[in-house]
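Accompanying notes for the structure given below.
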Amino acid sequence: MLILAKSMTEVRTAIWQVVSLIPAGKVASYRQIAALAGLPQQARMVGRILSKLPKDTAIPWHRVVNATGGISNPNASHQIERLAEEGLTPINGRINLKHHRWQP
DNA sequence: TGTTTGACGGACA
DNA sequence: CTGTCCGCCAAAC
């Protein structure tokens, strides 16, 4: 009998660590982060955790986009600005995942 | 305690 | 392409 239950603190930490691995100039989807953090089918959890990040965090949350390459963050303009600094420019509101997706 | 919501995503019409 | 439906689950209400 496996005990899979993880505290929110552990889940949060796992997600933070995975997001921190995304290199500049690359992006990952919420689903991708969830899977790498050991939380399959729980992309929403990733979004929830990121939404609670402190404003001054060093975690590159801006490199996380939705499955279509679009920006889900309510404050999209800020995120797009950060991405632009890394050479990522959304076309028609979305990043080309075909070319910019982070592949560990 | 029951219901709704949300930085999601895939299947389907 | 748009819109609907369902699974997911902590937090807010």
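Every value quoted in this text rests on a predicted model; they were computed, and no experiment measured them. Note: hydrogens, waters and symmetry copies are ignored here, and every other heavy atom, side chains too, is used. A, B, ... follow the sequence lines: proteins, then strands. Residue 1 opens every chain.
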> Can you list, by residue number, the residues of residues 58-95 of chain A that have a non-hydrogen atom closer than 4.0 angstrom to DNA chain B?
Replying inline: A:W61, A:N66, A:A67, A:S72, A:N73, A:P74

>> Run the side-chain hydrogen bond (donor to acceptor under 3.5 Å, both in side chains) test against A:N66 and tell me which residues pass, sequence neighbours left out.
In response: A:T68, A:S72

> Rounded to the nearest Å, what distance is computed from the CG atom of residue A:L50 to the C1' atom of nucleotide B:dA7?
Replying inline: 7 Å

>> For residues 82-104 of chain A, which residue pairs pass the ring-ring contact (aromatic ring centres under 6.0 Å, His included) check, not counting sequence neighbours?
In response: none

> Which residues pass the salt bridge (Lys or Arg N to Asp or Glu O under 4.0 Å) test with A:E86, sequence neighbours left out?
Replying inline: A:R63

> With A:I22, which of A:I59, A:L36, A:I33, A:V27 fulfils side-chain contact (heavy atoms from CB on, under 4.5 Å)?
Replying inline: A:I33

> Does anything in residues 56-92 of chain A pair up under ring-ring contact (aromatic ring centres under 6.0 Å, His included), and if so which pairs, sequence neighbours excluded?
Replying inline: A:W61-A:H78

>> Just checking A:E85: does its CD atom have more than 12 heavy atoms from other residues, nucleotides or ligands closer to it than 6.0 angstrom?
In response: yes

> What integer number of Å spans the C1' atoms of B:dT1 and C:dA10?
Replying inline: 16 Å

> Taking the same atom, P, in B:dT4 and in C:dC5, what whole-Å distance lies between them?
Replying inline: 15 Å

> Heavy-atom contacts under 4.0 Å between residues 12-38 of chain A and DNA chain B, which residues?
Replying inline: A:S29, A:Y30, A:R31

Extract from the structure each pairing of a protein N or O with an N or O of nucleotides 10-13 of chain C at less than 3.5 Å, listing the distance.
unit_1	atom_1	unit_2	atom_2	d
C:dA10	O4'	A:R48	NH1	3.3

> Mind checking what makes side-chain hydrogen bond (donor to acceptor under 3.5 Å, both in side chains) contact with A:S77, not counting sequence neighbours?
Replying inline: A:N75

>> Applying ring-ring contact (aromatic ring centres under 6.0 Å, His included) as the test, list every pair that has at least one member in residues 35-56 of chain A; sequence neighbours left out.
In response: none

>> Tell me which pairs pass side-chain hydrogen bond (donor to acceptor under 3.5 Å, both in side chains) where either residue lies in residues 23-37 of chain A, with sequence neighbours left out.
In response: A:R31-A:Q41, A:Q32-A:R101

> Can you tell me how far C1' in C:dT2 sits from the matching atom in B:dA7, rounded to whole Å?
Replying inline: 22 Å

> Listed by chain and number, what are the side-chain contact (heavy atoms from CB on, under 4.5 Å) partners of A:P74, not counting sequence neighbours?
Replying inline: none

